[in-house]
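Comments concern the structure below.
Ligands are counted one by one from 1 in listed order, and the atoms in each one are counted from 1 as well.
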Amino acid sequence: MAKTDYNPFQAARQQFSEVADRLNLGPAMRDYLSAPKQEIHFAIPLTMDDGTTRVFRAFRMIHNDARGPGKGGIRFHPEETADTVRALSMWMTWKCAVVNIPLGGAKGGIVCDIRALSPTEQERLCRGYVRGLYTRVGPNVDVPAPDMMSNAQHMIWMLDEYEALTGQHQPGMITGKPVGLGGSEGRTEATGYGVIYVLTELLGTMGREVAGTTASIQGFGKVAQYAALKFAALGGLVVAVSCWNAADRCSYTVRRSEGCDIEELAGMTDSYGSIDTKQAAAAGYEILPGDDWISQDVDILIPAALENQITVDNVARISDRVKVICEAANGPTSPAADPLLAERGITVVPDFLVNAGGVSCSYFEQVQSNTNHFWTKEEVLGKLEPLMTSAFRSVYKLATERGISLRQAAYDIAVERVANAVHMRGWI
Ligand code: NAD
């Protein structure tokens with residue numbers, strides 16, 4: 001399917017339908033879980049700095065809240081669609097359920113190019129978003145967070161508007177706040193570290209540990225850098241990382257066969273995760289084409305950049321030495337590539353389990369905000385590791401018992417938990 005034809009909501013429903021077949025869900029439950037339970041579509045009129053008015057379309061959708069308040073980010077994207085938000089809200093439901101945190105799945109978005117708006121216009125847009133929604137979000141209802149192109153400053157404007165409208169301090173209404181203003185220690189590291197907590201467990205089932213293994217990583221942004229740091233701290237060797245270079249409008253792979261120095265590379269990287277390849281070359285790294293990250297002779301591949309990166313067209317480039325693909329990005333493996341990887345004996349650890357450290361830490365932020373109490377970074381990461389490892393162990397156990405893939409097992413656990421909650425509440 002050409003990328004332009006890709007409809008994420010169709011893909012999410014297709015995945016759900018396969019799980020529903022395996023779990024033998026009844027028709028009403030299938031119908032209920034195959035689309036958001038609530039969709040809010042609204043318009044935000046915005047007074048621009050030049051005095052004109054523009055109208056921005058916005059969404060907030062809760063796919064399911066049987067296990068707890070909705071949870072999910074707010075995306076700012078000029079081509080945002082209702083179907084993208086629907087799909088992402090559904091995937092959030094499964095992600096929260098697989099790591100067993102008491103939250104449901106939600107997502108929001110505003111159709112806008114945020115970079116084209118001045119800071120004051122951005123602030124008014126954020127406040128307008130909350131004014132359109134404030135009766136339908138809240139610490140015990142639906143809890144937004146940053147996502148594509150939205151950041152901690154946007155979250156604080158939204159929280160401030162919500163508190164002004166409700167007349168109460170309610171920092172648990174939103175997560176992704178700056179540390180010192182209700183944000184959680186450890187959030188920066190959480191997703192990347194979570195990737196390696198899960199990887200460590202998987203390697204344990206193979207009688208191996210991170211020390212002595214090698215990895216190639218696609219991406220060098222927020223997730224990839226902390227995954228690489230943790231992997232290296234545990235004695236693994238990161239042989240290659242890749243990144244997008246905005247100035248050259250192409251991607252590069254940066255390689256050092258005796259192992260990259262992650263802190264050194266991070267020092268040459270901008271806030272968007274682009275490594276300065278001239279500096280890297282001067283420091284002795286090889287600079288290769290961007291897609292060469294996939295053909296490295298390593299034990300582990302960690303795609304941590306984009307969706308749809310491992311496809312039927314490039315599976316053959318993967319070295320025979322690779323035994324594990326740890327999906328740190330969302331949707332990096334195309335569904336058609338999955339069986340080809342299985343035939344080659346490569347174990348794929350699925351995205352919504354591997355990268356759930358981020359939402360788990362958002363849940364910790366919400367708990368801290370709701371109780372007006374703060375944990376140290378050590379406390380946060382000390383809670384994250386057992387949560388992630390226990391989620392992995394449940395998935396691994398079920399995959400072994402049912403003779404299915406880790407992806408199928410993760411879906412089975414998540415959907416079963418949500419369907420049980422819906423059923424026990426008496427909804428269906
Ligand atoms: P980021 O924007 O910080 O980093 C993205 C990285 O990918 C950058 O290094 C960029 O240069 C690189 N990249 C972009 N295009 C590339 C290409 N063609 N080839 C090679 N590298 C390329 O993003 P992030 O927050 O690290 O997120 C990465 C992935 O993880 C995304 O799929 C995101 O949805 C997912 N994710 C992130 C979080 C989180 O907490 N940040 C949580 C869950 C899932």
- Query: How does Leu306 reach ligand 1, by side chain, by backbone, by both or by neither, if only non-hydrogen atoms under 4.0 Å count?
  - Reply: side chain
- Query: Closest approach of Arg407 and Thr333, non-hydrogen atoms and distance?
  - Reply: NH2-CB, 3.9 Å
- Message: If the cut-off is 4.0 Å to any non-hydrogen atom of Val223, which atoms of ligand 1 fall inside it?
- Response: 24 (P), 25 (O), 26 (O), 27 (O), 30 (O), 37 (C), 38 (C), 39 (C), 41 (N)
- Message: Under 3.5 Å between any N/O of Arg187 and any N/O of ligand 1: does that happen in this structure?
- Response: yes
- Query: Would you say ligand 1 has an N or O under 3.5 Å from any N or O of Gly221?
  - Reply: yes
- Message: If you take the centroid of each ring, where Trp contributes its six-membered ring, are Trp91 and Phe352 closer together than 6.0 Å?
- Response: no
- Task: Note the single closest protein heavy atom to atom 19 (N) of ligand 1, along with its residue, its atom name and the distance in Å.
- Result: Ser251 CB, 3.5 Å
- Residue pair Trp94, Phe16: steps toward the ring-ring contact (aromatic ring centres under 6.0 Å, His included) verdict: CA-CA 10 Å; Trp94 313 142; Phe16 169 68; 5.7 Å; yes
- Item | Trp244, Phe352, Tyr252, Trp293: member with heavy atom nearest to atom 10 (C) of ligand 1 | Trp244
- Query: Nearest protein heavy atom to atom 1 (P) of ligand 1, by residue and atom, and its distance?
  - Reply: Lys222 NZ, 3.8 Å
- Query: Looking at Arg60, Arg136, Lys37, which one forms a salt bridge (charged side-chain N to carboxylate O under 4.0 Å, His left out) with Asp142?
  - Reply: Arg60
- Query: Going through the checks in order, is the salt bridge (charged side-chain N to carboxylate O under 4.0 Å, His left out) test met by Lys71 and Asp65?
  - Reply: CA-CA 9 Å; Lys71 186 88 196 82; Asp65 61 354; over 6 Å; no
- Note on the structure: Here the atoms of ligand 1 under 4.0 Å from any heavy atom belonging to Gln218 are 19 (N), 20 (C)
- Message: Run the side chain to side chain donor-acceptor pair (under 3.5 Å) test on Lys177 and Ser369 for me, step by step, so that the C-alpha distance in whole Å, both residues' side-chain angles and the decisive distance to 0.1 Å come before the verdict.
- Response: CA-CA 10 Å; Lys177 303 178 291 292; Ser369 290; 3.2 Å; yes
- Ring centres under 6.0 angstrom apart (His154, Tyr129): no
- Message: What I want to know is whether Ala329 and ligand 1 share at least one N or O pair that is separated by under 3.5 angstrom.
- Response: no
- Query: Within the structure, does Asn330 bring an N/O atom to less than 3.5 angstrom of an N/O atom in ligand 1?
  - Reply: yes
- Message: Can you confirm, on distance only, whether ligand 1 has an N/O atom lying under 3.5 Å from any N/O atom belonging to Thr191?
- Response: yes
- Judging by distance only, is a nitrogen or oxygen of Ala304 under 3.5 angstrom from one on ligand 1? no
- Among Gly331, Ser242, Ala305, Gly357, closest by any non-hydrogen atom to atom 31 (C) of ligand 1: Ala305
- Task: Just grab all the salt bridge (Lys or Arg N to Asp or Glu O under 4.0 Å) pairs involving residues 221-232, residues at least two apart or on different chains.
- Result: none
- Message: Between Phe42 and Phe59, is the ring centroid distance below 6.0 Å?
- Response: no
- Task: Heavy-atom contacts with Ala328 under 4.0 Å: which atoms of ligand 1 show up? List them by number with element.
- Result: 30 (O)
